[in-house]
Structure formats: C-alpha cells, structure tokens
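Numbers for residues simply follow the sequence, beginning at 1. The shown structure was predicted, so the numbers you read here are calculated from the model rather than taken from an experiment.
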Amino acid sequence: MTNNEQATRWLILVIKLPAAPSRHRVAVWRELRKIGALSLGQGIWAVPEVPVFSEGVQRALELTDTAGGQRLTLQASGRSDQDAARFQEMFTAARSADWAEFLADCGKFQEEIAKEIRIAKFTLAELEEEEQSLERLRRWHRDLTARDVFGAPEAAEAAERLKQCTAACEDYAELVFSALHSTSEDTP
C-alpha cells in the first residue's frame with residue numbers, strides 16, 4: 001500500500017457514552033480534539049488511517065471502555081473520487097483553522113516581546129516566561145505538523161512565523177543579558 005493510498009483511507013469511530021457522569025464524554029471529546037479528529041456528527045469521528053493518529057485513537061477507545069460506553073471502529077474511503085476529495089478537504093479545513101489559531105498566537109507572542117522591549121523590561125524572570133511561551137509554540141507547531149497529513153496551505157506560513165518568533169526571543173535574550181551585564185561605568 002502506498003502512502004497516497006494510506007492517506008485516503010479513514011478510521012471512522014462511532015462512540016456512544018452514558019449521559020452521566022459527563023466527565024467521560026468530555027475526556028473522550030478532548031482526546032479526539034487533541035489528535036485532530038474530524039467530527040462528523042454526534043459521537044461520530046474520523047481520522048486518516050495513518051500511524052500518527054493510532055495512539056490517540058487507542059486512548060479515546062480506552063476512555064470509552066472505562067466509561068462503560070459503546071464503540072465501533074470502521075475503515076472507510078470515499079465511494080467516489082469526489083467523496084474522497086471532499087473528506088480530505090474537510091480534514092484540511094479543520095487543520096487550516098488550527099493553523100490560523102497558531103498564527104494568531106504567534107502574533108500575540110511577537111507583540112508581547114515588542115512590548116517588553118518598548119518598556120525596557122529586561123529581567124531574567126520575563127525572559128524565562130517568554131522562553132516558556134516559545135517552547136509552547138514549538139510543541140504546538142510540532143503537534144500540528146504531525147497531524148496535518150494533507151498539508152494545509154497555512155503550514156508554510158506557520159513555520160516561517162515560528163522562525164520569526166524564535167529570532168525575536170533570541171534578540172530579546174541578548175537585550176536582557178546586555179542589560180544585566182552592563183556596569184554603571186557603561187551607563188552615561
């Protein structure tokens with residue numbers, strides 16, 4: 001089976017959970033959203049049948065079992081080329097929405113760095129906070145890249161934006177260290 005054939009096959013998860021307690025429904029929903037599963041309707045989810053989704057699907061099924069729910073896993077593909085293309089478009093649109101959210105957070109990160117520079121807040125505590133924010137963006141980018149199996153158009157812009165965030169943080173770090181290491185003799 002080629003990669004292209006694998007990418008056009010889908011796992012369809014049909015999950016029915018007891019109404020109470022709601023924490024089980026929420027846990028399954030969170031797990032499926034975390035892996036980027038496409039919601040097709042109440043309790044019906046789809047993911048491309050590729051290895052990157054296997055662990056998350058397994059966790060969702062285990063959570064369903066733990067909750068005493070019912071589950072059914074099916075393999076599917078589009079009945080026609082148009083159906084297959086539509087499924088892929090729906091999945092890619094969901095990834096595009098994820099990338100748009102990522103890009104918005106990159107913008108917030110860059111604005112935050114610019115603000116700290118503007119007000120000359122050059123402290124190690126602030127630098128550590130910004131480095132943690134950058135690491136969160138890196139993890140998020142890595143996760144989105146892994147599940148964007150069809151290549152949403154925003155992915156390239158997101159990679160470039162992450163590089164810009166990294167550069168901005170490095171520049172800020174240099175300013176922080178310069179401010180911390182300057183002596184009173186260096187100041188006019």
(message) Please find the pair of heavy atoms, one from Ala46 and one from Ile12, that lie closest to each other, and give the distance.
(response) CB-CD1, 3.6 Å
(message) I need the minimum non-hydrogen distance between Cys169 and Glu131, along with the two atoms involved.
(response) SG-CG, 3.9 Å
(message) Between Trp99 and Asp148, do the side chains contain a donor N or O and an acceptor N or O under 3.5 Å apart?
(response) yes
(request) Treating Ile, Leu, Val, Met, Phe, Trp and Tyr as nodes and any side-chain heavy-atom pair under 4.5 angstrom as an edge, say whether Phe53 and Leu32 lie in one connected cluster. (result) yes
(message) Please give me the minimum heavy-atom distance between Ala67 and Leu17, naming the atom from each residue.
(response) CB-CD2, 3.8 Å
(message) How about CZ on Arg33, more than 12 heavy atoms from neighbouring residues, nucleotides or ligands closer than 6.0 Å, or not?
(response) no
(request) Could you check if a side-chain atom of Asp98 sits within less than 4.5 angstrom of a side-chain atom of Trp140, using non-hydrogen atoms only? (result) no
(request) Please check if Val28 and Val26 belong to a single hydrophobic cluster, counting links between Ile, Leu, Val, Met, Phe, Trp and Tyr side chain heavy atoms closer than 4.5 Å. (result) no
(request) Return the minimal non-hydrogen interatomic distance between Ala27 and Leu63, and the atom names on each side. (result) O-CD1, 3.7 Å
(message) Run the side chain to side chain contact (heavy atoms under 4.5 Å, CB included) test on Thr166 and Leu134 for me, step by step, so that the C-alpha distance in whole Å, both residues' side-chain angles and the decisive distance to 0.1 Å come before the verdict.
(response) CA-CA 7 Å; Thr166 300; Leu134 179 61; 3.8 Å; yes
(message) Return the CD to CG distance between Glu157 and Leu162, rounded to the nearest 0.5 Å.
(response) 12.5 Å
(message) Working note: Met90 + Leu40, criterion side chain to side chain contact (heavy atoms under 4.5 Å, CB included); need CA distance, chi angles, decisive distance, verdict.
(response) CA-CA 10 Å; Met90 291 167 56; Leu40 301 177; 3.9 Å; yes
(message) Under 4.0 Å between a side-chain nitrogen and a carboxylate oxygen: does that hold for Lys115 and Glu112?
(response) yes
(request) Indicate yes or no: at least one non-hydrogen side-chain atom of Val149 is less than 4.5 angstrom from one of Phe91. (result) yes
(message) Side chains of Ile15 and Gln70, heavy atoms from C-beta outward: is any pair under 4.5 Å?
(response) no
(message) I need the minimum non-hydrogen distance between Arg25 and Pro18, along with the two atoms involved.
(response) NH1-O, 3.4 Å
(message) Around atom CD of Glu62, are there more than 12 heavy atoms from other residues, nucleotides or ligands closer than 6.0 Å?
(response) yes
(message) Applying side chain to side chain contact (heavy atoms under 4.5 Å, CB included) to Ile117 and Leu175, what does each step give before you reach the verdict?
(response) CA-CA 8 Å; Ile117 292 170; Leu175 291 170; 3.9 Å; yes
(message) Treating His141 as the side-chain partner and Leu137 as the backbone partner, does any N or O pair qualify as donor plus acceptor under 3.5 Å?
(response) no
(request) Using a 4.5 Å cut-off on heavy atoms from C-beta on, say whether the side chain of Phe150 contacts that of Gln88. (result) yes
(message) For the backbone of Lys34 and the side chain of Arg147, can you confirm whether one donor and one acceptor N or O come within less than 3.5 Å of each other?
(response) yes
(message) Let me check something: do Leu144 and Leu103 share a hydrophobic cluster, defined by ILVMFWY side-chain heavy atoms less than 4.5 Å apart, either directly or through other members?
(response) no
(message) Main chain of Gly36, side chain of Arg95: is a donor-acceptor contact present, judged purely on distance under 3.5 Å?
(response) yes
(request) State, yes or no, whether a side-chain contact exists between Val14 and Arg71 at a heavy-atom distance under 4.5 Å. (result) no
(message) Measuring from atom CD of Gln75 to atom CZ of Arg9, what distance do you get when rounded to the nearest 0.5 angstrom?
(response) 4.5 Å
(message) Working to the nearest 0.5 angstrom, can you tell me the gap between Thr145 OG1 and Phe102 CZ?
(response) 8.0 Å
(message) Is any side-chain heavy atom of Phe122 closer than 4.5 Å to one of Leu180?
(response) no
(message) Does any part of the side chain of Phe87, heavy atoms only, come nearer than 4.5 Å to the side chain of Pro48, both counted from C-beta?
(response) no
(request) Check step by step if side chain to side chain contact (heavy atoms under 4.5 Å, CB included) holds for Cys165 and Gln110. (result) CA-CA 6 Å; Cys165 289; Gln110 290 174 303; 3.8 Å; yes
(request) Would you indicate whether the side-chain heavy atoms of Ser39 and Trp29 approach each other to under 4.5 Å? (result) no
(request) Give a yes or no on this: more than 12 heavy atoms of other residues, nucleotides or ligands lie within 6.0 Å of atom CD of Glu55. (result) no
(message) Would you compute the distance between atom CZ of Arg59 and atom OG of Ser54 and round it to the nearest 0.5 angstrom?
(response) 10.5 Å
(request) To the nearest 0.5 angstrom, please state how far the CD atom of Glu170 sits from the CD atom of Glu130. (result) 14.0 Å
(request) Treat each ILVMFWY residue as a node, draw an edge where side-chain heavy atoms are under 4.5 Å apart, and state whether Leu11 and Leu38 are in one component. (result) yes
(request) Run the salt-bridge test on Asp83 and Arg86 with the 4.0 Å N-O cut-off and return the result as yes or no. (result) no
(message) Using 0.5 Å steps for rounding, measure from the OG1 atom of Thr123 to the CD atom of Glu116.
(response) 7.5 Å
